[in-house]
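A quick write-up on the structure given underneath.
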Protein chains: 2
Amino acid sequence: MSSIMKSGRRLDEDPVTKDGAEITKVKTLADLGKIAGVTAGTVSRALAGSELVNKRTRERILALAHEHGFQLNQIASKLRSKRTGMIGVVIPLGHERNQHISDPFFMTLLGHLADEITERGYSIVLERAIPEEKPDWLDRICGSGMVDGVILIGQSNQFATIERIAETYRPLVAWGSYQEGQLHCAVGTDNRAGGEIAARRLLAGGATRLAFLGETTGVEIAERFAGVKDVADEVGASLVHLPCHMSFELMTGELESLLAQHDGDFDGIIAASDLIAMTALKVLYGLGKRVPEDVQVIGYDDLPLAAQTMPPLTTIHQDISGGAREIVQRLQSAIAGRDVASLVMAPKLIERETTRGLA
Amino acid sequence: MSSIMKSGRRLDEDPVTKDGAEITKVKTLADLGKIAGVTAGTVSRALAGSELVNKRTRERILALAHEHGFQLNQIASKLRSKRTGMIGVVIPLGHERNQHISDPFFMTLLGHLADEITERGYSIVLERAIPEEKPDWLDRICGSGMVDGVILIGQSNQFATIERIAETYRPLVAWGSYQEGQLHCAVGTDNRAGGEIAARRLLAGGATRLAFLGETTGVEIAERFAGVKDVADEVGASLVHLPCHMSFELMTGELESLLAQHDGDFDGIIAASDLIAMTALKVLYGLGKRVPEDVQVIGYDDLPLAAQTMPPLTTIHQDISGGAREIVQRLQSAIAGRDVASLVMAPKLIERETTRGLA
DNA sequence: TTGAAAGCGCTAACAG
DNA sequence: CTGTTAGCGCTTTCAA
């Protein structure tokens, strides 16, 4: 790595007042109490804004706290009160090993979750889990005592593990799909319906031979594919499944050979994600295919990016911010000890320019 | 929100063995110690893999721990040992108010940071800070006692705040730019050089009128602009600055009116980010401009996405994963009490198809 | 090699 | 209204 180093400058460790008196940093409630002439208990109550403590004393303590830059030791507070105020947000990397957190869909969801969680006064402990390497990934997180609840950004291929944990650990909500009778709370869209909508739209635009792009290892994608297949079977359209990775880096080459190889097998593509769709657009262009004239394309997710492709991408919209809100809301209920139900939202077709006008 | 609700099923709270005896969950070291016939101290040592405890006892304890699914209470452990094992990763949202974490550059960086941090056995506390709302955002994070160190994903417009904190809080590393003599440790690329490289490339491709796309509120972008300006001034090329937001959602409309309005003012565009470049590509297409024949475009960052635009984007590469590694490495040194220097990496031109062949 | 004991910094009864 | 007291669950001397 080509680089230039710049050196930092050294700092005094112990600050000293102008008149030379040592300042011993106020680190504990007792320290502050000593200055204020009260005990730690009172300071604790004052800082918590308790009505129990005299208004004047309280204000004096608050002022002193501010003046000395005092901050509560969160660890001690959490240990004692048994409320951590933290929520574990974990990204299970089940079937995309040796890869980092980067899926834009998950990142967008994470962004919205962060907003919701922060707004409710919780902190976020972010975990990247690789189930294949540590089968007890979820137990560790749930049992760490570090978090009041856990959010799973996707179920990956860990449905069974999540179900098992849910038997004993309640404050857990996952983004993902809902299977009849499942134990854990999931929030997501109806992927099967999404697949159906996409397939029907392609057919309505005149397609007769469909292709589905994406690996079906994860439940959600598998359901999208199932939806597509239902429709294809129903109307007797052909359908090829072209599995490819879900990240830009891994997908491009695959897609090039896959699409070139199956050239002519399809005139309508349903991509498992907008990312795949975007790459497909580019590969198709390289193959000399016109979109949507020769081949129609539909994406999935409706990420901001989908509106910026060329041509702009028709796609299946998932309400990510609404979903994030629901997830955090449900988790908070669960933390409060209430029983929470799963939520299956309806997907929505967003018409842009990679599909043909209706016949 | 259109939705279907599915109800979860209720669970027993107290598991009972087949023979009816109550299982009281093993929650503390003392609990486990009682079962193993030793004290909490010994269990603690055993679990820590200490050589001090007899191998056979240790193995027995380990087996028992596993059998009962025992997990150490992290909070208590951290309080006592005064090592939290957590690193605060904060995204300062200085000049993009009312917006969530979603900038793909930051998200990509976050992904790599998460990898590095996890690999070193730390956990991540993710914070989204809005300095405008809470001027003491950084003090709160650094003083919370929750983290051993802090990583800032970007300096935003908070350079001064960061410098102030750095006077007393050492384990802090930021992604961003380095200013002569600065106190806090920063890792980033030479943005001015990046701007220069981009401008020269456009000029070499025959451009004579440059446009810079992006708001220059943040230090990094401002430096990129400065680099461009240096070159423009040097060769007497014209340069317009077209400020626009950095996120897809906010940028599109702006860019449409900006580019339409300045049509003819430029034949070479330097975008402050790949995102802006991608949107510009689309807007330009709508305006009937050919890229690179009529207008050349250069992006910044070299995100995975840059290779997938149409045409594929020429851009200035920043080594995000290398940067993440350096950041975490430096932070770890700083946590260990060592003094760490800033790092300025060299940017690199990636030639793709939005610039013209050299004359 | 293990036990006993002290205490991390805080909160929450319980008294007064 | 405030002080006293007793831990939260763990780690780590110090003794044995």
Side-chain angles (χ1 to χ4, degrees), chain A residues 24-62 64-65 68-86 121 123 140 142-148, chain B residues 24-62 64-65 68-86 121 123 140 142-148:
Chain A
T24 349
K25 181 111 176 54
V26 182
K27 293 200 81 71
T28 72
L29 287 182
D31 292 347
L32 191 56
K34 209 160 291 167
I35 299 175
V38 293
T39 58
T42 305
V43 180
S44 172
R45 286 182 283 246
L47 260 34
S50 162
E51 293 297 331
L52 282 167
V53 43
N54 184 310
K55 188 146 184 264
R56 278 195 31 239
T57 341
R58 190 174 48 195
E59 278 165 2
R60 187 160 46 83
I61 293 173
L62 253 30
L64 246 22
H68 289 87
F70 175 79
Q71 294 195 226
L72 262 187
N73 180 320
Q74 294 298 329
I75 300 274
S77 166
K78 289 172 192 334
L79 172 60
R80 176 59 230 241
S81 65
K82 303 204 145 191
R83 263 197 78 263
T84 72
M86 303 198 290
S123 296
R140 293 169 93 101
C142 296
S144 67
M146 286 293 300
V147 296
D148 293 337
Chain B
T24 349
K25 180 109 175 55
V26 182
K27 294 200 81 70
T28 73
L29 287 182
D31 292 347
L32 192 55
K34 208 160 293 168
I35 299 175
V38 291
T39 57
T42 304
V43 180
S44 172
R45 286 183 282 247
L47 261 34
S50 161
E51 293 297 334
L52 282 168
V53 43
N54 184 310
K55 188 148 182 264
R56 279 196 29 241
T57 334
R58 190 173 48 196
E59 278 166 2
R60 186 160 44 86
I61 293 174
L62 253 29
L64 247 19
H68 293 271
F70 175 79
Q71 293 195 228
L72 219 54
N73 181 319
Q74 294 298 330
I75 299 271
S77 166
K78 290 173 193 332
L79 172 60
R80 176 58 228 238
S81 65
K82 304 204 143 192
R83 263 196 78 262
T84 72
M86 303 199 288
S123 297
R140 293 168 93 102
C142 297
S144 67
M146 285 294 300
V147 296
D148 293 338

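No hydrogens, no waters, no symmetry mates; every other heavy atom, side chains included, goes into these values. Worth saying up front: this structure is predicted, and the values here are computed from it rather than measured. Below, read A as the first sequence line, B as the second, and so on, with proteins coming before strands; counting in each chain starts at 1.
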- Sequence neighbours excluded, which residues qualify as side-chain hydrogen bond (donor to acceptor under 3.5 Å, both in side chains) partners of B:D31? B:T28
- Task: Please identify each residue that fulfils side-chain hydrogen bond (donor to acceptor under 3.5 Å, both in side chains) with B:D148, with sequence neighbours left out.
- Result: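 Applying side-chain hydrogen bond (donor to acceptor under 3.5 Å, both in side chains) to B:D148 gives B:T84.
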- Note on the structure: Protein-proximity profile, nucleotides 11-16 of chain D, B/S/- by nucleotide at the 4.0 Å heavy-atom cutoff, equals BBB---
- Min and max contacting nt of DNA chain C in 5' to 3' order, chain A heavy atoms within under 4.0 angstrom, are C:dG9 to C:dA13
- Message: Need one value for A:G33: base, sugar-phosphate or nothing, where a base atom within 4.0 Å counts as base even if backbone is also close, heavy atoms only.
- Response: nothing
- Query: How do A:T28 and B:T57 order along DNA chain C: which one's closest nucleotide is nearer the 5' end?
  - Reply: B:T57
- Task: Round to a whole Å and report the spacing from CZ of A:R58 to P of D:dT2.
- Result: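 From A:R58 CZ to D:dT2 P: 10 Å.
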- Task: Rounded to the nearest angstrom, tell me the gap between atom CG in B:L79 and atom C1' in D:dG9.
- Result: 9 Å
- When Watson-Crick pairs (N1 to N3 and N6-O4 or O6-N4) and G-U wobble pairs (N1-O2 and O6-N3) count only below 3.5 Å on both distances, what is the dot-bracket string of DNA chain D, with | for other-strand pairs? ||||||||||||||||
- Item | A:R140: salt bridge (charged side-chain N to carboxylate O under 4.0 Å, His left out) partners, not counting sequence neighbours | A:D136
- Query: Which pair of heavy atoms, one from B:G145 and one from A:I75, lies closest together, and at what distance?
  - Reply: O-CG1, 3.5 Å
- Query: With side chains defined as the heavy atoms from C-beta onward, is the minimum distance between A:L47 and A:L29 less than 4.5 Å?
  - Reply: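 Heavy-atom side-chain distance check passes, below 4.5 Å.
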